[in-house]
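Written below as structure tokens is the structure these notes are about.
Quantities reported herein were computed from a predicted structural model and do not represent experimental measurements.
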Amino acid sequence: MDLHKKPGHLIRRLNQNSTAVFSNHMQQVGLDLTPVQFAAMDVIARIPGIDQAKVAAEIGYDRATIGGVVDRLEQKGYIERTVCKHDRRAREVRLTEKGSEVFDQVAPVVQALQADILPGLSLAERDKFIELASKALAHIDG
């Protein structure tokens with residue numbers, strides 16, 4: 001068996017690289033932010049007042065674990081939670097002023113680091129990779 005030709009192994013290795021690249025870039029700009037925290041902030045920035053469960057669904061994260069992600073973002077002062085007016089069990093989340101400033105600072109960094117995630121691929125090859133990965137995920141996400 002050649003693991004280097006197995007999708008699961010390759011995806012795991014790419015995920016490791018993606019996470020390392022992200023972490024290195026965040027360290028360079030002096031921020032303690034994980035890829036999942038950034039993904040959550042991105043959704044919250046695009047959909048202010050979204051509830052936690054929908055944040056989890058938007059980023060492909062499980063509902064049980066998203067609470068910890070949101071807790072850490074709240075502890076950093078990047079988001080605030082309020083009780084949903086029409087469902088008292090749900091919590092709506094919004095970026096704070098500090099969170100908006102951090103998001104605006106880090107978004108261009110995240111955009112720029114994308115090329116470092118798939119080193120050795122041309123722009124056309126990266127586009128094809130994204131197309132194929134999106135197609136595979138569409139069949140998983142439904």
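- Within the 4.5 Å cutoff, side-chain heavy atoms of Pro119 are placed close to those of Asn17.
- Transitive grouping of hydrophobic side chains (ILVMFWY, heavy atoms separated by less than 4.5 Å) brings Leu121 and Val21 into a common cluster.
- Leu10 and Phe129 fall into different hydrophobic clusters, where Ile, Leu, Val, Met, Phe, Trp and Tyr are joined by side-chain heavy atoms under 4.5 Å apart, directly or via other members.
- Closest approach of Leu95 and Ile44 over heavy atoms only: N-CG2, 3.5 Å.
- The cluster map of Ile, Leu, Val, Met, Phe, Trp and Tyr, joined by side-chain heavy atoms under 4.5 Å apart, puts Val29 and Leu33 in the same cluster.
- Remark: side-chain polar atoms of Gln37 are paired, donor with acceptor, to backbone N or O of Thr34 under 3.5 angstrom.
- A centroid separation of 6.0 Å or more is found between the aromatic rings of Phe103 and Tyr78.
- Residue-environment remark: CZ (Arg12) exceeds the threshold of 12 foreign heavy atoms within 6.0 Å.
- Between Ile79 and Glu74, the shortest heavy-atom contact is CG1-N, 3.6 Å.
- Distance alone, capped at 3.5 Å, places no donor-acceptor pair between the Ser18 side chain and the Ile117 backbone.
- Atom-to-atom distance recorded for Phe22:CZ and Gln114:CD is 9.0 Å, nearest 0.5 angstrom.
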Side chain to side chain donor-acceptor pair (under 3.5 Å) between Arg81 and Gln52: does it pass, once the steps are laid out?
CA-CA 9 Å; Arg81 283 188 270 206; Gln52 285 182 208; 3.0 Å; yes

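- Salt bridge present: Glu131 and Lys128 bring a charged side-chain N and a carboxylate O closer than 4.0 Å.
- Inter-residue side-chain proximity for Asp51 and Arg91 is flagged as unmet; no heavy-atom pair is nearer than 4.5 Å.
- A donor-acceptor pair shorter than 3.5 Å can be found between the side chains of Asp62 and Thr65.
- You'll find the side chain of Met41 reaches within 4.5 Å of the side chain of Leu73, heavy atoms only.
- Looking only at side-chain heavy atoms (C-beta outward), Lys54 and Val43 stay at 4.5 Å or farther from each other.
- Side chain of Glu58 to backbone of Val55: no donor-acceptor contact under 3.5 angstrom is found.
- Judged purely by atom type and a 3.5 angstrom limit, Arg94 has no side-chain atom pairing as donor or acceptor with the backbone of Glu80.
- For the pair Lys76 and Asp32, the salt-bridge criterion is met [side-chain N within less than 4.0 Å of a carboxylate O].
- The distance from atom CD1 of Ile66 to atom CD1 of Ile59, rounded to the nearest 0.5 Å, is 4.0 Å.
- At least one side-chain heavy atom of Gln105 sits less than 4.5 Å from a side-chain heavy atom of Leu31.
- A 4.5 Å side-chain heavy-atom check between Met26 and Val110 finds at least one atom pair inside the cut-off.
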Evaluate the salt bridge (charged side-chain N to carboxylate O under 4.0 Å, His left out) criterion for residues Asp42 and Arg46: first the C-alpha distance (whole Å), next the side-chain angles of each, then the deciding distance (0.1 Å), finally the verdict.
CA-CA 6 Å; Asp42 179 62; Arg46 286 186 288 111; 3.2 Å; yes

